[in-house]
Engineer: 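Mind having a look at this structure? Questions to follow.
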Amino acid sequence: MSIFQDTYDVIVVGAGHAGSEAAAAAANMGSKTLLITMSLQNIAQMSCNPAMGGIAKGQIVREIDALGGYSGIVSDQTAIQFKMLNKSKGPAMWSPRVQSDRMRFSETWRLMLEGTPNLDFYQDMVKSILIKDNKIQGVVTNLGIEIKGKTVILTNGTFLNGLIHIGEKQFGGGRAGEGAAYGITEDLIKAGFDSGRMKTGTPPRVDGRSLDYSKMEVQPGDAVPAKFSYLEVTSPLKEQRDCYMTYTSPEVHDLLREGFDRSPMFTGRIKSIGPRYCPSIEDKINRFADKDRHQIFVEPEGWNTCEIYVNGFSTSLPEDVQFKAIRSVAGFEKVKIFRPGYAIEYDYFPPTQLRHTLETKLVEGLYFAGQINGTTGYEEAAAQGLMAGINAHLKINEKEPLILRRDEAYIGVLIDDLITKGTEEPYRMFTSRAEYRTLLRQDNADFRLTPKSYELGLATDQRLRRMEHKLKESNNFVQFFKDTSVKIQEANPILEQKGSSLMNQPDKMFKVFSRPQIELEDILKFEKVKEYVDNHNLDQEILEQAEIEVKYSGYIEKEKSNADKLSRLEDVKIPENFDYDKIVSLSFESKEKMKKIRPVTISQASRISGVTPTDISILLIHMGR
């Protein structure tokens with residue numbers, strides 16, 4: 001008798017960041033969900049750096065939170081330091097980031113998942129997927145157990161045929177100390193999928209007790225830390241742990257070069273492409289030979305542990321070379337290594353084989369999320385997991401899918417980039433990838449996404465009410481600035497102090513606040529503003545929201561107008577079996593690309609690499625537009 005009698009609505013394979021969010025979303029929406037992992041001890045493990053957020057990634061975490069995901073809440077509850085990056089730039093660039101307690105992060109995720117109704121767990125390796133008539137049927141585990149599922153979400157991370165490299169040594173594994181997963185790649189190739197190989201790497205972990213911090217620059221958190229989640233269940237940090245910064249040197253580089261003849265990167269043993277924006281230390285000194293030093297960030301792994309993550313020193317060089325070189329870094333002269341850095345190669349599946357829902361085009365009911373799609377980073381994985389979990393639930397309930405547009409979320413940009421352009425190197429999100437980044441700020445993710453999540457039944461009443469209160473109060477505050485006049489004698493002393501040109505006649509507060517030199521703390525000096533804030537009991541979040549809306553109103557309106565134009569092309573749907581060969585005037589390259597990607601809308605077709613504006617015009621004419 002099988003231990004699994006029932007057919008699950010959703011089976012999630014892998015319990016990293018993608019798998020955890022997928023399982024939580026599907027189960028919270030009411031689907032009977034099973035999360036299968038090779039190790040229940042390592043749920044939502046931070047395989048690389050102990051941090052969440054950062055440039056563009058912080059915006060994604062806030063979007064996940066606004067949609068009712070868990071990443072923001074867990075990040076807040078296990079943070080040891082908070083920083084808002086890019087505060088010197090405009091708010092479109094502000095990006096929250098936390099240093100996390102690695103052990104608590106994983107534990108908190110597991111406890112939250114265990115507290116989620118409709119969610120079962122099973123520890124085993126999935127070695128095969130069951131497909132019949134191009135439709136998913138379930139999975140088979142290493143123990144030979146068949147588990148039936150209406151939908152399956154694969155979130156295998158770096159485990160598919162994972163191969164770890166340290167110098168000339170190599171061994172199978174999905175992570176240090178954990179085995180690789182075998183069988184799934186072969187099943188998918190048999191079903192007609194294209195696959196490829198990618199590489200990522202990680203630095204050594206060291207004993208913090210053996211470091212000399214007096215030789216490093218301290219990197220404290222924000223004086224007034226914020227947080228990720230929009231909910232009140234989490235609070236900003238009251239105390240924080242410092243990080244530190246040090247540098248490599250020409251001596252370090254020379255010592256590293258001594259091992260290049262044994263480096264799997266340079267001897268050809270590693271054939272796949274690694275993340276361009278997070279290169280290994282040997283790659284950095286090879287590519288940037290003119291630089292005589294590189295930054296090294298010294299990041300604690302938690303509140304109480306002495307383990308340190310050496311950010312910026314990712315390497316797959318032999319362990320003796322790593323040890324000798326790292327001991328020449330300032331502050332690391334007596335360092336003890338807990339575990340060496342390594343590189344890992346793994347299978348991925350080019351994401352042009354997916355629909356916008358992250359369901360595969362070849363097999364109905366089969367979804368891919370995370371590194372299996374060629375992305376890198378916890379945040380990108382978690383976002384895909386969340387969307388796959390939501391869409392798997394919607395599919396089996398025969399409801400409209402949730403597809404986020406490029407002007408609605410960074411998550412929309414991420415998924416559209418992947419399935420429209422594909423990727424041949426690990427994909428990482430940047431603010432520069434989003435053409436509407438002034439609309440997609442970290443501060444307004446709840447305005448953009450919470451109503452959608454509430455309609456799906458994922459966001460709670462409490463979350464929606466909190467968002468509506470913030471929206472109403474910030475809009476009212478902006479209106480107050482538009483309606484309220486300010487006298488010359490009250491404004492000019494403040495304007496003079498800030499080096500802004502003086503007023504000749506009374507003007508609206510909105511225009512005064514719009515001046516680049518005038519900041520929130522200046523505007524709060526005006527008596528009427530102070531009175532309004534006190535009477536309406538406005539918190540910092542609402543004040544900052546109103547400030548951004550006032551200061552960037554011109555940019556915001558321009559982007560909204562551009563987004564509206566784009567959405568008209570989003571409304572022009574291309575029939576699923578459209579015959580591109582019929583259009584003689586389309587270029588050969590465009591035909592081939594469109595036949596491969598099968599764009600759903602004219603807008604998506606316009607973003608395919610190699611498709612020209614002329615091709616789009618021809619397509620529109622052919623469709624009678």
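Worth saying up front: this structure is predicted, and the values here are computed from it rather than measured. The figures here come from the full heavy-atom set of this structure, side chains too, leaving out hydrogens, waters and symmetry mates.
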Engineer: Against the six-membered ring of Phe447, is Lys470 placed for a cation-pi contact (under 6.0 Å from the centre, within 45° of the normal)?
Structural biologist: yes

Engineer: Under 3.5 Å, side chain of Thr601 to main-chain N/O of Asp571, donor-acceptor pair present?
Structural biologist: no

Engineer: Take a 6.0 Å sphere around CZ of Arg293 and say whether it holds more than 12 heavy atoms from other residues, nucleotides or ligands.
Structural biologist: no

Engineer: Salt bridge or not between Arg437 and Glu559? Use side-chain N to carboxylate O under 4.0 Å.
Structural biologist: no

Engineer: Does atom CD (Glu496) have a neighbourhood of more than 12 heavy atoms from anything else shown, all under 6.0 Å?
Structural biologist: no

Engineer: Over 60° means perpendicular and under 30° means parallel, so tell me whether Tyr532 and Phe477 are parallel, tilted or perpendicular.
Structural biologist: parallel

Engineer: Within 45 degrees of the ring normal and closer than 6.0 Å to the centroid, is that where the cationic atom of Arg62 sits relative to Phe228?
Structural biologist: no

Engineer: Using a cut-off of 6.0 Å, state whether more than 12 heavy atoms not belonging to Lys87 lie near its atom NZ.
Structural biologist: yes

Engineer: Please name the pair of heavy atoms, one in Leu620 and one in Ile602, separated by the smallest distance, quoted to 0.1 Å.
Structural biologist: CD2-CG1, 4.0 Å

Engineer: With the threshold set at 4.0 Å, does a side-chain nitrogen-carboxylate oxygen contact exist between Arg406 and Asp416?
Structural biologist: yes

Engineer: Determine, step by step, whether Thr155 and Phe368 satisfy the side-chain contact (heavy atoms from CB on, under 4.5 Å) criterion, reporting the C-alpha distance in whole Å, the side-chain angles of both residues, the deciding distance to 0.1 Å, and the verdict.
Structural biologist: CA-CA 6 Å; Thr155 71; Phe368 292 172; over 6 Å; no

Engineer: Has Thr431 got a side-chain atom pairing as donor or acceptor with Met93's backbone, closer than 3.5 angstrom?
Structural biologist: no

Engineer: Is the closest side-chain heavy-atom distance between Gln384 and Leu418 below 4.5 Å?
Structural biologist: yes

Engineer: Backbone N or O of Phe82 within a donor-acceptor pair of the Gln240 side chain at under 3.5 Å?
Structural biologist: yes

Engineer: Is any NZ, NE, NH1 or NH2 atom of the basic residue among Glu232 and Arg463 found under 4.0 Å from an Asp or Glu carboxylate oxygen of the other?
Structural biologist: no

Engineer: When you measure from the side chain of Arg104 to the backbone N and O of Thr78, does any donor-acceptor pair fall under 3.5 Å?
Structural biologist: no

Engineer: Got a salt bridge between Glu63 and Arg448, using NZ or NE/NH1/NH2 to carboxylate O under 4.0 Å?
Structural biologist: yes

Engineer: May I have the step-by-step check of side-chain contact (heavy atoms from CB on, under 4.5 Å) for His356 and Ile419, ending in yes or no?
Structural biologist: CA-CA 7 Å; His356 270 97; Ile419 72 161; 3.2 Å; yes

Engineer: Taking Ser229 as the fixed residue, which of Asp446, Asp76, Asp65 is the one that meets the side chain to side chain donor-acceptor pair (under 3.5 Å) rule?
Structural biologist: Asp65

Engineer: For residues His17 and Tyr70, establish whether the separation of their ring centroids is below 6.0 Å.
Structural biologist: no

Engineer: Heavy-atom count around Met103 CE within 6.0 Å, excluding the residue itself: above 12?
Structural biologist: no

Engineer: Please report the closest heavy-atom contact between Ala409 and Leu404, naming both atoms and the distance.
Structural biologist: CB-CD1, 3.9 Å

Engineer: Is it the case that the side chain of Tyr454 and the backbone of Leu67 share a donor-acceptor pair, with hydrogens and angles ignored and the cut-off at 3.5 Å?
Structural biologist: no

Engineer: Would you mind checking if Lys525 and Glu519 are paired as a salt bridge, meaning a charged N to carboxylate O distance below 4.0 Å?
Structural biologist: no

Engineer: Under the side-chain contact (heavy atoms from CB on, under 4.5 Å) rule, what do Phe297 and Gln99 come out as? Steps first, then yes or no, please.
Structural biologist: CA-CA 12 Å; Phe297 294 97; Gln99 284 296 131; over 6 Å; no

Engineer: Can you tell whether the side chains of Glu468 and Lys472 come within less than 4.0 Å, N to carboxylate O?
Structural biologist: no

Engineer: For residues Lys227 and Leu231, report the shortest heavy-atom separation together with the two atoms involved.
Structural biologist: NZ-O, 2.6 Å

Engineer: Quick one: list whatever passes side chain to side chain contact (heavy atoms under 4.5 Å, CB included) with Lys395, sequence neighbours left out.
Structural biologist: Glu359, Glu364, Tyr367

Engineer: As a test of understanding, state which of Lys57, Arg428, Arg433 forms a salt bridge (charged side-chain N to carboxylate O under 4.0 Å, His left out) with Glu380.
Structural biologist: Lys57

Engineer: Less than 4.0 Å between a side-chain N and a carboxylate O, is that true for Arg405 and Glu408?
Structural biologist: yes

Engineer: Inspect the surroundings of NZ in Lys558 and state if more than 12 heavy atoms from other residues, nucleotides or ligands are less than 6.0 Å away.
Structural biologist: no

Engineer: For Asn504, look at atom CG and say whether over 12 heavy atoms of other residues, nucleotides or ligands are found less than 6.0 Å away.
Structural biologist: no

Engineer: So does Arg97 pair up with Glu299, basic N to acidic O under 4.0 Å?
Structural biologist: yes

